[in-house]
Enquirer: 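Please read through the structure below; I'll follow up with questions.
Along the sequence shown, the residues carry numbers beginning at 1.
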Amino acid sequence: DLLVQLTKRLDGAYNIVFLNALGDMFVARDPLGIRPLCYAIDGPIENPRFFAAASESVALANLGFDESSIKSLPPGSAVIIENGKLEVKQFIASRRKAHCFFEWIYFANVASTLDERSVYLSRKTLGEELARVEDLEIDEDTIVVPVPDTSKAAADAMAQSWLRTDSRTVSSTTHSAKVPSTVKTGE
């Protein structure tokens with residue numbers, strides 16, 4: 001099988017897309033699942049009317065696919081379309097998963113779902129965890145700033161966690177909330 005042979009020669013993160021002049025195609029995800037890959041099918045899997053694949057679910061949603069039809073392609077798997085027939089096939093066993101953390105923190109659109117997990121909720125959870133482990137002395141001059149812009153969900157969750165935990169004063173540049181008068185918020 002071509003994909004098994006390619007996997008022996010390739011190392012690291014990759015997604016492969018192939019399309020020939022007859023309309024046969026495949027999209028394949030590396031065995032560790034380092035890079036995300038999702039797909040959507042319009043119509044029955046036996047005879048799909050339309051197929052699309054992307055690294056992020058939000059791209060497929062923007063094409064008009066219903067969220068319930070958008071699926072993450074498992075590591076070491078491929079969607080193969082040959083003679084108009086579509087098949088999802090695992091071409092090699094995945095020893096373990098090794099997701100690219102930068103996808104979760106920086107690259108992915110906050111509205112996306114990667115491997116059946118919301119990017120927004122993942123970033124929010126990371127912000128809450130940062131608030132829990134941060135030992136910084138919090139006072140009325142403390143400001144949580146989301147840098148880069150993709151960290152807004154984490155920064156907001158961090159600031160809000162601190163506000164919920166105690167009466168410390170903290171300002172979030174991403175969130176305004178009704179808080180005690182001693183707390184500054186900003187936009």
Enquirer: If I compare all heavy atoms of Ala155 with all of Val145, which pair ends up nearest, and what's the gap?
Expert: CB-C, 4.4 Å
Enquirer: Using the side-chain hydrogen bond (donor to acceptor under 3.5 Å, both in side chains) criterion, which residues pair with Arg132? Sequence neighbours excluded.
Expert: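 For Arg132 the side-chain hydrogen bond (donor to acceptor under 3.5 Å, both in side chains) partners, ignoring immediate neighbours, are Glu129.
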Enquirer: With hydrophobic residues grouped by side-chain heavy-atom distances under 4.5 Å, do Trp104 and Leu37 end up in a single group?
Expert: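 No, separate clusters.
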Enquirer: For Ala54 and Ala59, which heavy atoms make the closest approach, and how far apart are they?
Expert: CB-CB, 3.9 Å
Enquirer: Hey, could you give me the CZ/NZ distance between Arg123 and Lys152, rounded to the nearest 0.5 Å?
Expert: 11.5 Å
Enquirer: Okay, side chain of Ser151, backbone of Val147: is any donor-acceptor separation there less than 3.5 Å?
Expert: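 Checked: pair present.
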Enquirer: Indicate every side-chain donor-acceptor pair of residues 4-19 with a distance under 3.5 Å to a residue at least two apart or in another chain.
Expert:
| residue | atom | partner | partner atom | Å |
| --- | --- | --- | --- | --- |
| Thr7 | OG1 | Leu3 | O | 2.8 |
| Asn15 | ND2 | Pro36 | O | 3.0 |

Enquirer: For residues 73-92, which side-chain N or O atoms pair as donor and acceptor with protein atoms under 3.5 Å away, sequence neighbours left out?
Expert:
| residue | atom | partner | partner atom | Å |
| --- | --- | --- | --- | --- |
| Ser77 | OG | Pro74 | O | 3.3 |
| Gln90 | NE2 | Ile92 | O | 3.1 |

Enquirer: Mind jotting down which residue pairs meet the side-chain hydrogen bond (donor to acceptor under 3.5 Å, both in side chains) criterion with at least one end in residues 23-40? Sequence neighbours excluded, please.
Expert: Arg29-Asp115, Arg35-Glu103
Enquirer: Could you pull out all residues at least two apart from Ser57 that satisfy side-chain hydrogen bond (donor to acceptor under 3.5 Å, both in side chains)?
Expert: none
Enquirer: Other hydrophobic cluster members with Tyr106, side-chain heavy atoms of Ile/Leu/Val/Met/Phe/Trp/Tyr under 4.5 Å, chained?
Expert: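 The other cluster members (ILVMFWY side chains, heavy atoms under 4.5 Å, direct or chained) are Phe101, Phe102, Ile105, Phe107, Leu126.
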Enquirer: Find the distance between CG (Leu114) and SG (Cys38) and round it off to the nearest 0.5 Å.
Expert: 8.0 Å
Enquirer: Give the other cluster members for Ile34, using side-chain heavy-atom distances under 4.5 Å between Ile, Leu, Val, Met, Phe, Trp and Tyr residues; answer none if it is isolated.
Expert: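 Leu32, which link up through side-chain heavy atoms under 4.5 Å apart, make up the rest of the cluster.
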Enquirer: I need the full list of salt bridge (Lys or Arg N to Asp or Glu O under 4.0 Å) pairs touching residues 47-60, with sequence neighbours left out, sorted by first then second residue.
Expert: Asp42-Arg49
Enquirer: Only counting residues at least two apart or in another chain, list the ones meeting side-chain hydrogen bond (donor to acceptor under 3.5 Å, both in side chains) with Thr150.
Expert: none
Enquirer: When you measure from the side chain of Ser122 to the backbone of Ser118, do you find a donor-acceptor pair of N or O atoms at a distance under 3.5 Å?
Expert: yes
Enquirer: Measure the CD-OG distance between Glu134 and Ser161 for me, rounded to the nearest 0.5 Å.
Expert: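 Glu134 CD to Ser161 OG: 12.5 Å, rounded to 0.5 Å.
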Enquirer: What heavy-atom pair brings Lys124 and Ala157 nearest, and what distance separates the two atoms?
Expert: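 In this case the closest contact between Lys124 and Ala157 is O-CB, 3.3 Å.
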Enquirer: Using a side-chain heavy atom cutoff under 4.5 Å and only I, L, V, M, F, W and Y, what cluster partners does Phe65 have?
Expert: Phe50, Leu60, Leu63, Ile70
Enquirer: Provide the full list of salt bridge (Lys or Arg N to Asp or Glu O under 4.0 Å) pairs with a residue in residues 61-76, sequence neighbours left out, each pair given once.
Expert: none
